[in-house]
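Proteins come first, then strands; the chains are lettered A, B, ... in the order of their sequence lines, and each starts at number 1.
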Amino acid sequence: MLALVIVPGAGAAIAFDGGRHSWPIAEGVVGDLARRIEAELRPRWIVWDRATSTQLLHDGVRVSKCWDIAAVQRLLVGGWRTDPARVWAELHGLPAELPVVAEVDLFTVAVDDPDPDEPVRADGYLKPEWLERDFAWTSARLVRWAELAAQTAALQIDALARVVDRRRAPSIARAESAAELLCAELSNDGLPMDREAAEDIVSSFVGPRPRTEAEAAEMRRRRDTEVLRHASMPNCDLRNPAQVKSLLRSIGVELPDTRARSLESVRDSHPLVDALLEWRKAERIATTFGYAWLDEHLGGDGRLRGTWTACDGAAGRMTASAGLHNMPAQLRPAVIAERDHVFVRADLGQIEPRILASVSGDRALAAATQRDDMYAPVAEQLGVDRATAKVAVLGAMYGQTTGHGAAALRGLEKAYPVAMRYLDEADRSGQVGRDVRTDGGRLVRMAFTGRGEPGDRESRSRAAAQGRYGRNAMVQGAAAEFFKVWAVTVRSRAGAFDARIVLCLHDELLVHVPSRHGQQVADLLEQCLAEAARHWARDESVRFVADVSVIERWSDSKS
DNA sequence: TGCGGCTATTG
DNA sequence: CACAATAGCCGCAG
């Protein structure tokens with residue numbers, strides 16, 4: 001483990017052996033030095049947060065392993081406030097009211113710090129001025145800062161071992177850290193996308209690229225007219241749901257809302273409905289996934305870039321902006337591998353119920369995971385058809401209590417009591433605002449604001465919603481952890497084939513690979529899945545499956 | 001100008 | 001419209 005701190009404009013420092021040995025580094029040589037250390041020693045780099053990894057990436061250094069203090073802290077205590085001062089205070093059990101930099105005004109005088117190179121105060125807190133933008137860094141202070149990072153990482157290892165199985169804790173923290181490296185790389189590298197193909201698709205929905213604002217308005221007006229010509233409300237604003245409701249009423253269609261689902265149910269009653277649904281599709285492309293989107297996010301190098309987050313606020317899934325996680329299926333044919341490259345795409349099959357079987361330790365449900373389609377044995381067990389079994393299992397994980405799955409839910413309770421109790425326990429925690437911790441040790445905060453008088457209808461429905469949130473967080477969160485272990489395992493092995501992960505999508509990986517290595521990387525993804533399962537799961541009772549294919553366009557895979 | 005509501009897309 | 005997310009536009013309050 002080797003701690004590295006970089007303060008742009010001030011310099012850098014490294015520390016190892018828990019901070020007992022340390023050196024300052026001139027800022028100009030950080031990249032070269034880090035590259036040589038990485039090549040010769042392959043250390044686990046301790047960093048305060050992703051900024052250091054991103055800085056290295058900009059210097060052209062890709063490190064293989066790290067301990068990201070902020071990422072591990074989010075795992076340990078949840079939330080987003082993971083600056084060094086807070087992390088340090090939390091690890092030392094100090095009260096959450098952090099000291100702030102004292103204002104110097106007419107009534108106070110600046111007190112000289114007797115030990116200005118020491119970041120820790122007598123009361124144990126970090127000095128807040130060390131976190132200020134204009135802090136007067138010196139090489140002595142940078143060195144102490146690196147030593148402190150090394151000490152902090154050591155404290156986290158102990159803290160983690162107290163909340164997760166001691167054997168599994170380090171690998172989970174390392175995966176969360178490596179996920180930060182992966183996210184830095186995904187943000188930097190982008191997703192290959194063919195601009196011409198993308199513009200052709202956009203054009204097929206909204207017409208050619210308008211050259212002026214007036215032209216754009218004219219095209220918008222023409223699209224509106226295609227719908228409005230079916231009725232006699234020429235000034236109706238199709239972007240206003242209330243007015244659309246009136247429009248529908250004027251043609252004799254009464255609906256509670258104007259969502260696509262509702263509209264589809266009355267599709268045959270009037271030609272306007274069909275036109276409106278078509279209009280919605282085009283409008284979506286025009287406003288969100290159109291020329292403006294391409295101009296903003298698709299670089300001249302044919303890479304679509306967004307900002308990647310390694311864990312979201314809820315349960316720790318990865319998120320991405322710029323439409324990388326919700327790109328309409330119609331645009332995916334434009335995601336094309338570069339010359340002499342292919343994509344290897346892999347998605348985990350039925351990941352959430354398999355995760356539930358694993359984390360709950362339900363032996364009967366684990367037995368069902370031995371099958372490629374685990375809903376089939378569940379259906380047999382429950383004496384219902386497959387579709388019903390699937391709805392029931394998903395309903396149990398999401399907290400559905402009404403509808404078609406409700407009856408089968410009672411069957412689930414009988415057949416898989418261990419798994420159902422696990423979900424129920426999380427549900428109760430959520431309802432009363434008690435934090436839950438996922439199997440991998442992520443704390444999911446449940447302290448919601450404003451629980452009203454218990455008993456009234458509003459507060460009961462809010463409690464139920466919080467219960468569903470808690471129930472789902474345990475499954476979705478554990479699935480996210482497992483996915484990250486898989487992804488970072490692939491990341492570390494893919495380099496041998498000059499392959500890079502270019503997209504992570506909750507249960508799906510897209511890897512960009514030189515064509516000659518396509519099949520080898522496809523095999524690699526399967527191997528990494530088995531390896532991830534061995535590292536992440538408590539035992540080997542649950543089988544995980546993936547669908548892997550070698551393709552040229554993202555849209556080429558069957559499923 | 002910021003925020004909740006509505007709607008869309010995705011896993 | 002079960003769970004999660006990002007994102008755009010509208011109306012309304014300040």
Side-chain angles (χ1 to χ4, degrees), chain A residues 205 220 224 236-245 255-265 276-290 292-293 296-297 306-332 335 345-353 355-356 390-406 408-409 423 426-427 430 436 438 442 444 461 464-480 483 503-510 547 554-555 559:
Chain A
F205 281 91
R220 202 158 50 232
D224 292 3
C236 176
D237 181 359
L238 294 171
R239 293 153 193 87
N240 181 331
Q243 289 190 39
V244 172
K245 254 201 225 180
L255 285 174
D257 55 66
T258 72
R259 293 195 270 251
R261 276 286 184 76
S262 307
L263 290 170
E264 256 148 36
S265 69
L276 182 57
L277 284 163
E278 280 303 306
W279 179 90
R280 283 262 174 86
K281 277 207 185 74
E283 181 73 2
R284 175 106 183 111
I285 298 287
T287 56
T288 308
F289 293 103
W293 171 68
E296 190 176 345
H297 304 292
T307 307
W308 288 80
T309 309
C311 68
D312 64 29
R317 293 216 294 199
M318 290 169 75
T319 61
S321 68
L324 286 158
H325 273 182
N326 56 351
M327 189 188 301
Q330 293 106 319
L331 279 156
R332 297 185 179 194
V335 177
R345 176 189 177 277
D347 74 301
L348 301 174
Q350 304 168 342
I351 186 59
E352 291 196 340
I355 290 289
L356 173 62
K390 180 178 173 176
V391 167
V393 170
L394 293 175
M397 291 187 298
Y398 292 154
Q400 185 185 33
T401 52
T402 56
H404 192 48
L409 202 59
L423 292 169
D427 196 303
V436 294
T438 64
R442 178 177 300 282
V444 181
S461 91
Q466 292 173 191
R468 291 194 299 271
Y469 180 90
R471 169 188 292 263
N472 184 247
M474 294 296 276
V475 179
Q476 193 189 99
F483 176 79
L503 191 77
C504 295
L505 197 41
H506 310 314
D507 63 352
E508 175 178 349
L509 280 175
L510 196 65
D547 179 37
W554 188 13
S555 51
S559 57

* **Pair A:Thr258-A:Arg280, side-chain donor/acceptor within less than 3.5 Å** =>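 A:Thr258 vs A:Arg280: donor-acceptor pair found between side chains.
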
* Partner set under salt bridge (charged side-chain N to carboxylate O under 4.0 Å, His left out) for A:Asp312, not counting sequence neighbours ->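 Testing A:Asp312 for salt bridge (charged side-chain N to carboxylate O under 4.0 Å, His left out), a comparison that skips the adjacent residues, returns none.
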
* **Residues forming a salt bridge (charged side-chain N to carboxylate O under 4.0 Å, His left out) with A:Arg332, sequence neighbours excluded** =>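 For A:Arg332 there are no salt bridge (charged side-chain N to carboxylate O under 4.0 Å, His left out) partners, ignoring immediate neighbours.
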
* To do: Answer with base, sugar-phosphate or nothing: what part of the nucleic acid does A:Arg471 contact at a heavy-atom distance below 4.0 Å?
  =>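 The residue A:Arg471 makes no contact with any strand.
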
* Asked: A:Ala329 near the nucleic acid: base, sugar-phosphate alone, or nothing, with a heavy-atom cut-off under 4.0 Å?
  ->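 Touches sugar-phosphate only.
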
* Asked: If you check every side-chain atom of A:Arg332, which of B:dA8, B:dT7, B:dT10 has the closest atom?
  ->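 Looking only at side-chain atoms, A:Arg332 lies closest to B:dT10.
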
* To do: Please name all residues satisfying side-chain hydrogen bond (donor to acceptor under 3.5 Å, both in side chains) with A:Trp279, sequence neighbours left out, ordered by chain then number.
  =>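 By the side-chain hydrogen bond (donor to acceptor under 3.5 Å, both in side chains) rule, A:Trp279 matches A:Asp224.
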
* Excluding sequence neighbours, so at least two apart, what forms side-chain hydrogen bond (donor to acceptor under 3.5 Å, both in side chains) with A:Arg442? ->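 Result, side-chain hydrogen bond (donor to acceptor under 3.5 Å, both in side chains) vs A:Arg442: A:Glu176.
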
N/O donor to acceptor pairs below 3.5 angstrom from side-chain atoms of residues 503-510 of chain A, sequence neighbours left out:
unit_1   : atom_1 : unit_2   : atom_2 : d
A:Glu508 : OE2    : A:Arg345 : NE     : 2.9
A:Glu508 : OE2    : A:Trp554 : NE1    : 2.8

Nucleotide [N], atom [atom2] - distance to [atom1] of [X] in whole Å:
X	N	atom1	atom2	value
A:Asp547	B:dG11	CG	C1'	15 Å
A:Arg280	B:dT7	CZ	P	7 Å
A:Glu264	C:dC1	CD	P	17 Å
A:Lys245	B:dT7	NZ	C1'	13 Å
A:Leu510	B:dG11	CG	P	13 Å
A:Leu505	B:dG11	CG	C1'	6 Å
A:Leu394	B:dG11	CG	P	14 Å
A:Arg261	B:dT9	CZ	P	11 Å

* Asked: Going 5' to 3' along nucleotides 3-10 of chain C, which nucleotides have protein heavy atoms under 4.0 Å from the base (write B), which only from the sugar-phosphate (write S), and which from neither (write -)?
  -> BBSBSS-S

* Considering only heavy atoms from C-beta outward, does the side chain of A:Val335 approach that of A:Met327 to under 4.5 Å? ->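 Sidechains of A:Met327 and A:Val335: in contact.
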
